[in-house]
Amino acid sequence: MMIEKKDIRAISKEALRDFFVANGDKAFRGNQVYEWLWSKGAHSFDDMTNVSKETRAMLEAHFVINHVKVDTMQRSADGTVKNSVRLHDGLVVESVLIPTNTRTTACVSSQVGCSLNCNFCATARLKRMRNLEPGEIYDQVLAIDSESRLYHNRPLSNIVFMGMGEPLMNYNNVIKAIDRITSDEGLGMSPKRITVSTSGIPKMIMKMADDGVKFKLAVSLHSAIENVRNQIMPFSTNFPLTELRESLEYWYQKTKSKVTYEYVVWGGINDTKEAVDALVKFCKYVPCKVNIIEYNPIDDGMFQQASDAAIDLYIKELTKHNIVAKVRKSRGKDIDAACGQLANKES
Ligand code: SAH
């Protein structure tokens, strides 16, 4: 019988140290290998040049390195880059590099597909196949970091978990990936430069607050009126706005970190004064800012970008109430890399 080899990057540094001790070597060897795996991004045991041949063979006999491979890379006219990332089992996720004058942001996926059912999102049409492993999330970041260095002569500066999937439905692995990204043994990036975006799962928002996480939180709100939100994001019937609100109050109380609300304005759905007033009211509960995201059509007649006048009304009312609100223009639309467009069209 073939024994299935374990993914070496699924084990902790301590476990790796223990493995070497159990096999008659020094614990220190675990640190060396760990560094190869995470800081240096080794794809094979043979890359580990300061580790003896015998040790490499021993590692080979016990483990695999489930590295991802960037299958195709598309570059948009505006400098946005979209990677199709093939996983060891053949499944594909997408991640995006978004350059501006001052920063380079990686938008990464947390799941293959998504189990939520937001009607306006292309990823929702793929069923959820599986959660990504911490290493698979980390690799997406590493790939974008090297593209940023290559095309923009600077390292990656920010990360948003706004690719495929719902990060809070793969919480443990997302946290492990962020731990690596922020650790000196990984990329040493500040957690303040990382934003996790959720469609709003109150229980998990409270858990994050309890865990004392240091990254930023964004919530895809899209409507502060219960029945409207339930229609466009059907799963939200299980998570009423009052519960969401309470979880965010708890989050702020514990972390003192402002919440960002993501909000798309659609004609005939949330472009009324009533919708604007509801958002203004919702924004009063917790210190926050609002990002009005441009709608990226996904071939569904039900959703149309609202008029400029409707968007202006949002900005005017929010600003009047001292709520910071910005309109976010889409990037990378020509290569289907914009918010809600990630759907593995190429694969
Ligand atoms: N599941 C997480 C992260 C993925 S979606 C979440 O819901 O936050 C990232 C952002 O893109 C969310 O704010 C989502 O609501 C938004 N989005 C989804 N489809 C979109 C579309 N077609 N146009 C514009 N934004 C979209």
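Note that ligands are numbered from 1 as they come in the structure, with each ligand's atoms numbered from 1 the same way. Values below: every heavy atom of this structure, side chains too, minus hydrogens, waters and symmetry copies.
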Kindly indicate whether a cation-pi arrangement holds for Arg75 with Tyr151, taking the cut-offs as under 6.0 Å to the six-membered ring centre and within 45° of the axis. yes

So with a 6.0 Å cut-off around CZ of Arg245, is the heavy-atom count from everything else above 12? yes

Centroid-centroid distance, Phe63 to Phe19, less than 6.0 Å: yes

Identified salt bridge (Lys or Arg N to Asp or Glu O under 4.0 Å) partner of Glu136 from the options Arg9, Arg86, Arg130: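 It is Arg130, the one option of Arg9, Arg86, Arg130 that forms the salt bridge (Lys or Arg N to Asp or Glu O under 4.0 Å) with Glu136.
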
Does the side chain of Ile292 come within less than 4.5 Å of Ile315's, by heavy atoms? yes

Tabulated below should be the N or O atoms of ligand 1 paired with protein N or O atoms at under 3.5 Å; can you produce that?
residue: ligand 1; atom: 1 (N); partner: Gly165; partner atom: O; Å: 3.1
residue: ligand 1; atom: 1 (N); partner: Glu166; partner atom: OE1; Å: 3.0
residue: ligand 1; atom: 7 (O); partner: Ser220; partner atom: OG; Å: 3.3
residue: ligand 1; atom: 8 (O); partner: Ser197; partner atom: OG; Å: 2.6
residue: ligand 1; atom: 8 (O); partner: Ser220; partner atom: OG; Å: 2.6
residue: ligand 1; atom: 13 (O); partner: Ser220; partner atom: OG; Å: 2.6
residue: ligand 1; atom: 13 (O); partner: Glu262; partner atom: OE2; Å: 2.9
residue: ligand 1; atom: 15 (O); partner: His222; partner atom: NE2; Å: 2.5
residue: ligand 1; atom: 22 (N); partner: Phe120; partner atom: O; Å: 2.9
residue: ligand 1; atom: 22 (N); partner: Asn296; partner atom: O; Å: 2.9
residue: ligand 1; atom: 23 (N); partner: Asn296; partner atom: N; Å: 3.0
residue: ligand 1; atom: 23 (N); partner: Cys339; partner atom: O; Å: 3.4

When rounded to the nearest 0.5 angstrom, what is the spacing between CG in Asn66 and CG in Leu87? 9.5 Å

